[in-house]
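Please read through the structure below; I'll follow up with questions.
Chain letters run A, B, ... following the sequence lines, proteins first, then strands; residues in each count from 1. Heavy atoms only: backbone and side chains are in, while hydrogens, waters and symmetry mates are out.
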Amino acid sequence: MLHVRVRSPSTLGFATARIQFNRMSKTRFSVKPIQSKTEIPTSDPDPNPGSENGSAAELRVFSRRKRVKRTEEVQKLQLEAKPISQKLAVLPDIEEFAYKKVNTSTNSSKPPANWEKVLDGIRKMRSSEDAPVDSMGCEKAGSSLPPKERRFAVLVSSLLSSQTKDHVNHGAIQRLLQNGLLSADSIDKADEATIKSLIYPVGFYTRKAGNLKKVANICLTKYDGDIPSSLEELLSLPGIGPKMAHLVMNVGWNDVQGICVDTHVHRICNRLGWVSRPGKKQKTSTPEQTREALQLWLPKEEWDPINPLLVGFGQTICTPLRPRCGLCSVSEFCPSAFKEASSPSSKSKKSGSNKKL
DNA sequence: GTCCAGAGCT
DNA sequence: AGCTCCGGAC
């Protein structure tokens, strides 16, 4: 057991990489040495976006496949990300720049009262609970593989894991791995029906099997079997939306460009009153709004850890339906504590509530 | 039967 | 903003 709490945004070296792999296991880090010595060189900040990205990234801006339609939110996200990735091609010290760039634009909003106490309290609750996310988060995918394959595994895991219980996703990944189908090349060659049967029963497996084939082909032809290294390029992949794009940037590239906001983070931040629509007191209505609002005040070192923290909290205590406020140690700070209906399914039919309590 | 959950389309 | 995709937990 080893408690590590290190964060050095400008110098992402060995230590950070190690933490990244194990960040799902709460404060417990297995002594398992870092898997591949080639993963991240000790001296250089981050080699992966460095070498081939310079000109290639620019080219891809033009060759980028046009999606039929993107939602406004995603388009906005892409615009947001563009300046950073353009700098990526030019600046050697990417991480540091990205950190400053994002961080300077954030301090415009005042943090909510007691947020540190709340976060601490949640951390404590989380360390005694075991949430599904702890044992099988998708970051674990292919952690023993070489960097490129590992990144691809992370991407695949992200694709499959949406709307799917973690253990189901884990099983699907294992089956793909056992059948040698966890690389862009092999998936591109494989039969879609085979993929489909292997990933079953992840949610929406038919669509995901198709997306997987498309993504593998894109990775193979445009990225030499690797995965895209920028937010906007990840977003252009079928089946990859804002939530997964940020997750892949965080986990796959070790590059935190934004908070990975899923419904748990979205729900909990709103319950806590941590986010609101710009200039208003209203709750945010989409995870993307939540992400933007949260990034306005949350210190950047919390951007990465807050997702697993709140997801686990949301799976065990601050559940979508009937949150267990009685078990929550920070309910005193929560404006929504004990406010939500405890009746099972009578949200829309108050009049005919025949099964109250 | 209800709810979960992210992406994408309308 | 609402619907669809999915199996499965409950």
Write down the distance between CG (A/N169) and P (B/dA7), rounded to a whole number of angstrom.
13 Å

Pair up each side-chain donor or acceptor in residues 327-337 of chain A with any protein partner under 3.5 Å, not counting sequence neighbours, and list the distances.
from	atom 1	to	atom 2	distance (Å)
A/S331	OG	A/C328	O	3.4
A/S336	OG	A/R271	O	2.6

For a quick check of understanding: with a heavy-atom distance under 4.0 Å over all strands, which category does A/T206 fall into, base, sugar-phosphate or nothing?
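Here A/T206 touches the backbone only, sparing every base.
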
To the nearest Å, give me how far apart CZ (A/F204) and P (B/dC9) are.
15 Å

Report the distance from atom CG of A/L159 to atom C1' of C/dC5, rounded to the nearest whole Å.
15 Å

Compare side-chain N and O positions of A/T263 against OP1 and OP2 of B/dA5 and report whether any pair is under 4.0 Å apart.
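Yes.
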
Report which part of the nucleic acid A/H264 touches: base, sugar-phosphate, or nothing (heavy-atom distance under 4.0 Å, all strands).
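Sugar-phosphate, backbone atoms only, no base.
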
Given C/dT4, B/dC4, B/dA5, which nucleotide is nearest the side-chain atoms of A/L321?
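Looking only at side-chain atoms, A/L321 lies closest to B/dC4.
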
Exercise: identify the closest heavy-atom pair between A/R324 and A/T319
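Distance-wise, the nearest heavy atoms are NH1-CG2, 3.3 Å.
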
On a heavy-atom basis, the closest approach of A/N211 and A/G239 is ND2-CA, 3.6 Å

What pair of heavy atoms forms the shortest contact from A/S162 to A/M244, and how long is it?
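Minimum heavy-atom contact is CB-CE, 3.6 Å.
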
Specify the separation, in whole Å, of atom CG of A/L237 and atom P of B/dA7.
12 Å

Between the protein and nucleotides 7-10 of chain C, are there any N/O to N/O pairs under 3.5 Å, and if so, what are the atom names and distances?
from	atom 1	to	atom 2	distance (Å)
C/dG7	OP1	A/Y205	OH	3.1

B/dA7 P sits how many Å from A/L247 CG, rounded?
10 Å

Determine, for A/D120 against A/K124, whether the closest basic-nitrogen to carboxylate-oxygen distance falls under 4.0 angstrom.
no

Within this structure, what is the NZ-to-P distance between A/K208 and C/dC6, rounded to whole angstrom?
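That distance rounds to 10 Å.
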
Return the value, rounded to whole Å, for the distance between atom NZ of A/K214 and atom C1' of B/dG8.
11 Å

Side chains of A/T286 and A/E288: do they bring a donor and an acceptor to under 3.5 Å?
no

Could you pick out which residue, A/N211 or A/T164, lies toward the 5' side of DNA chain B when each is mapped onto its nearest nucleotide?
A/T164

Expressed in angstrom and rounded to an integer, what is the separation of A/K243 atom NZ from B/dA5 atom C1'?
9 Å

Heavy-atom pair with the smallest gap, counting every atom of A/L155 and A/L234
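In terms of heavy atoms, the two residues are closest at CD1-CD2, 4.2 Å.
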
Out of B/dA5, B/dA7, C/dC6, which nucleotide sits closest to the side chain of A/M244?
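Closest nucleotide to the A/M244 side chain: B/dA7.
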
